[in-house]
Amino acid sequence: MTRQVIQAYDTVIVGGGLVGAAVACGIAATGAKTIVLDGGDHDFRASRGNFGLVWVQGKGADFPAYARLSGGAARQWPNFADELLETTGIDVGLQQTGGYDFCLSPEDWEEREREMSQVAAHTNGEFEYQMLDTNALRERIPQVSAEVLGASYSPQDGHVNPLYLLRALHQRMQQLGATYQSGQVVQSSSRQSDRFVIKTATRSFHCERVVFCAGLSNQRLCRDLGMHIPVQPLRGQLLITDRVPAFLPAATLQVRQTREGTLQIGDSHEDVGLDESTTLDVVTRLARRALRIFPHLAQVRLNRAWGALRVMTPDGVPIYQQADEHPGAYAISCHSGVTLAALHAREIAGWISSGAQDPLLVPFSTRRFDV
Amino acid sequence: MFKLLDSSARQVLIELDGAEVSVPADISVAAALLYLDCLPLRHSAISGAARAPFCMMGICFECLVEIDGDRDQRACQLMVRPGMRLRRQLAPAQGAGA
Amino acid sequence: MSGFDYQLLVIGAGPAGMAAAQTAARHGVEVTVIDEQANPGGQIYRNVDASPLADIGLLGKDYVFGRQLVQGFRHAPIDYHANSALWYLDSSGELGIVEEGVHHSARAQSIVIACGAQERPMPFPGWDKAGVMTAGAGQILMKSAAMVPAQAPVLAGSGPLLLLLAWQYLRAGLKIRALVDTSPRGVHWSALRHMPSALAAGDYLFKGLQLVTAIKRARVPWYRGADNLCAEGDERLAAISFDCSGKKHRIETPLLMVHQGVIPSTQVTAAAGCETEWNEAQQCWHPSVDDWGESSQPGIFVAGDAAGIAGARAAWLSGQLAGLQVARQLRRLEPVQRDRLALRIRNARARHLSIRPFLDRYYRLPDAALIPRDETLACRCEEVTVAEIRALAAAGCSGPNQAKAFTRCGMGPCQGRFCGSTVEQIFARETATSPQQVGCYNVRPPLKPVTLGQIAKKENQNE
């Protein structure tokens with residue numbers, strides 16, 4: 001089939017999830033003529049499985065640069081949320097009153113304390129946290145069961161509505177002039193003289209820059225341009241309940257209460273390949289754990305359960321990669337599209353637009369996987 | 001809004017919004033509320049819109065009512081019992097996450 | 001039967017489920033039936049052998065016919081569980097059932113899904129107001145509570161069920177305030193080309209004629225070709241308005257009963273991973289099944305209206321076919337025996353199916369009815385308007401699931417049963433394709449309500 005040639009895009013962004021859409025906002029804002037090529041309505045979409053946390057605690061305990069990166073991104077969130085509200089009218093529901101991660105066993109507690117102190121060390125104390133025992137915890141959240149040993153708490157954590165965030169980013173990027181096309185799955189990419197040629201089933205896109213934000217497809221797609229992006233799926237199942245009277249003053253890693261009042265309960269980490277299905281045993285386990293922490297929720301109805309595939313790099317830390325052989329081609333892979341959203345829209349978009357090296361991003365290149 | 005074809009049918013006493021009322025026996029709670037012409041049944045948690053039973057077969061979730069202290073029960077799926085305490089969920093549901 | 005809790009699990013005790021269960025049991029299969037209601041019969045034969053009515057003949061011969069079916073079912077060697085709802089089913093075959101408030105998980109060697117149909121959503125401005133109810137709701141109130149409207153009701157929409165309701169109300173001695181018929185004038189002529197095959201099911205045509213005659217004889221104000229239906233009122237319905245024959249009409253009424261056809265309930269089959277296809281003639285989704293009713297998932301059968309709208313008598317027959325094939329697969333029946341028994345059933349069923357092309361064409365919804373006006377609520381549960389969905393589709397949103405993510409449309413407790421069809425049509429119109437290409441909402445558990453506490457306490461502990 002002859003393909004319709006489409007000219008004159010400065011930048012093609014492959015993937016319209018939380019990462020692609022955020023990057024598109026930043027790049028379109030510079031005036032670059034940008035198009036976002038998105039998959040179909042039934043494709044794997046990690047963004048629709050995101051828990052919605054703005055989360056720094058525990059991140060980068062073994063990777064100092066990541067600890068600093070996360071902290072910086074989280075600090076930008078209030079300003080970023082305001083910007084989205086002002087420009088799109090969409091309130092992404094940011095609540096950044098801190099976050100709790102419950103400790104259900106002595107091992108949890110020990111491991112958590114270690115992680116927290118390491119992150120604090122890596123960030124020269126910028127990362128703040130407290131280890132709360134069961135009494136201190138229940139002074140803050142009375143509904144927590146006495147069975148819970150305690151929790152780690154960081155005042156810098158929070159949560160948003162990840163779906164509204166995606167919607168806001170889509171609206172913002174289109175406002176800023178980016179074109180959006182869904183149902184355009186990229187089949188191949190190549191470099192021809194001075195431009196990149198990105199091909200889907202029915203179109204060819206020519207551009208000066210291409211940014212791959214295609215989740216699990218990045219591995220296959222980036223090979224064409226000499227980038228090795230090792231990502232693997234890791235399934236997480238989630239539960240959402242019907243609306244419940246407000247009781248949670250902040251986000252927690254196990255249960256969070258949305259602006260609408262519903263409870264989101266997570267989550268699992270399953271190595272099952274490209275399988276998004278729910279399983280009854282995990283759904284049961286999640287319900288049991290939620291009730292172990294908050295016994296008063298026994299009468300609350302399950303509204304839906306679903307599974308989604310996280311995009312996991314080998315060390316769980318993001319990849320920000322520029323192609324060695326083809327300057328102008330970039331790949332971004334991460335599983336924290338919410339926490340890092342402001343970073344992606346601002347600093348990362350800036351790095352891509354400038355075409356220069358950014359020393360702060362060097363630790364995140366795939367070179368770290370070369371042994 | 002609805003009447004019995006046979007007005008001599010057996011009745012039972014239940015409590016609705018704190019008041020004792022007589023309704024036909026062996027019918028669903030939703031049917032009883034329609035018999036009492038007790039509309040609207042609730043106000044939605046989203047906009048406060050007034051709602052009432054719609055499908056009577058358990059799939060629309062409009063007929064939600066508080067029964068014996070349990071909120072959001074589908075009235076069309078439960079039968080009236082003597083002494084049952086019904087409360088319509090008329091005020092908008094209590095606040096969502098802060 | 002190692003590894004399975006049930007040899008054959010039948011989901012639903014309407015005509016199809018009862019037939020499948022009895023047929024399989026007759027050939028020695030161990031059958032378990034679960035059904036949400038307190039009595040067998042499904043919606044069509046609801047309460048038929050436990051009726052509060054002094055005379056069930058009020059509702060017509062077709063309803064009365066169901067009595068013998070239910071009684072036969074009650075006396076068959078079947079493990080029947082009333083008040084049991086299937087809330088979980090995945091493509092690995094894992095089942096979750098809540099019975100009288102207690103959850104247990106299970107696996108079945110064979111499954112017959114016979115969960116029937118639902119009314120096609122009929123959205124229009126004000127359809128969510130207190131006092132607007134479905135025609136099916138009216139029938140359920142008659143069948144299960146012997147209740148009818150206290151004042152002359154207004155009926156609106158199209159389809160045989162709406163006429164049946166009118167006829168039943170008239171027999172009960174009610175007056176009908178108005179029949180606001182939204183099927184466009186003129187479409188009836190195009191249905192005539194299906195007349196020859198329809199004549200094979202002449203009794204259906206005759207019954208239809210009887211309904212129409214009775215309604216006319218009672219001088220029910222019948223507004224044909226009506227459109228622009230709107231419902232008005234604040235805390236409850238006060239009046240409706242519509243256009244008909246170039247004039248605007250307004251009728252004050254506290255009760256409006258609406259209907260525009262029935263569509264298969266597809267949640268259970270979708271959850272099981274059964275392939276689903278769009279039927280353009282019937283304007284609805286149904287699972288793909290072979291001529292025994294087996295779906296694309298081996299060992300999972302779909303019988304009755306859940307496989308495609310064909311009515312109660314056809315459902316009874318298709319249930320028998322599924323039951324025969326299950327017996328064959330479980331080695332209780334030789335293929336030759338099975339085929340001999342099936343022949344008679346297929347002939348009978350063919351007769352009932354011959355009316356469908358005519359009915360489908362006659363009652364086909366016009367485009368205007370498929371996409372309501374902008375201010376209409378597409379999603380009742382989350383109060384999302386048609387305008388909002390249309391704007392997303394126009395901006396290139398990838399489809400119903402993305403729209404759901406962006407607006408909460410379809411995230412309410414009804415699980416998209418009342419908004420899915422509207423959203424699919426909006427996207428189909430916007431992309432100039434059909435629902436087949438647009439696709440539908442991903443189905444998520446729970447299929448029926450269940451609490452965290454019910455899930456957490458399992459009956460068979462193997463954690």
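Each chain gets a letter, A, B and so on, in the order its sequence line appears, and its residues count up from 1. Keep in mind that this is a model prediction, so the values were computed, not measured.
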By a 4.5 Å heavy-atom criterion (distance strictly below it), what part of [X] contacts chain B: side chain, backbone, both, or neither?
X      : answer
C/L377 : side chain
C/A54  : neither
C/P413 : both
C/D234 : backbone
C/L237 : neither
C/Q43  : side chain

For residues 138-148 of chain C, give me every residue with a non-hydrogen atom less than 4.5 Å from any non-hydrogen atom of chain B. C/I140, C/L141, C/S144, C/A145, C/A146, C/M147, C/V148

Search all heavy atoms of [X] against all heavy atoms of [Y] and return the closest pair with its distance.
X      : Y      : result
C/E382 : B/I46  : CA-CD1, 3.3 Å
C/A130 : B/R51  : CB-C, 4.0 Å
B/A52  : C/G131 : CB-N, 4.2 Å
B/F2   : C/L255 : CZ-CD2, 3.8 Å

Evaluate side chain to side chain contact (heavy atoms under 4.5 Å, CB included) for C/E36 paired with B/M57, printing each intermediate quantity in order. CA-CA 10 Å; C/E36 270 193 295; B/M57 58 183 271; over 6 Å; no

Around atom CD of C/E252, are there more than 12 heavy atoms of other residues, nucleotides or ligands at under 6.0 Å? no

Counting heavy atoms not belonging to C/E375, are there more than 12 under 6.0 Å from its CD? yes

Side chain, backbone, both or neither: which part of B/R42 has a heavy atom under 4.5 Å from chain C? neither

At a heavy-atom separation under 4.5 Å, does B/D37 approach chain C through its side chain, its backbone, both, or neither? both

From the list C/R380, C/R236, C/Q37, the residue making the most non-hydrogen contacts under 4.5 Å with chain B is C/R380

Contact winner vs chain B - C/M257, C/R46, C/Q415, heavy-atom pairs under 4.5 Å: C/R46

Which distance, rounded to the nearest 0.5 Å, do you find between the [atom1] of [X] and the [atom2] of [Y]?
X      : Y      : atom1 : atom2 : answer
C/T451 : B/D70  : OG1   : CG    : 10.0 Å
B/E62  : C/C414 : CD    : SG    : 8.5 Å
C/T134 : B/I59  : OG1   : CD1   : 8.5 Å
C/L58  : B/L5   : CG    : CG    : 6.5 Å

Derivation of the side chain to side chain contact (heavy atoms under 4.5 Å, CB included) call for B/S44 and C/E383: CA-CA 9 Å; B/S44 87; C/E383 301 184 47; 2.4 Å; yes

Would you say B/Q77 and C/N83 make side-chain contact, with heavy atoms under 4.5 Å? no

Note, C/P149 side chain near B/M1 side chain (heavy atom, < 4.5 Å): no

Find the one option among B/A9, B/P24, B/P53 whose heavy-atom pairs under 4.5 Å with chain C are most numerous. B/P53

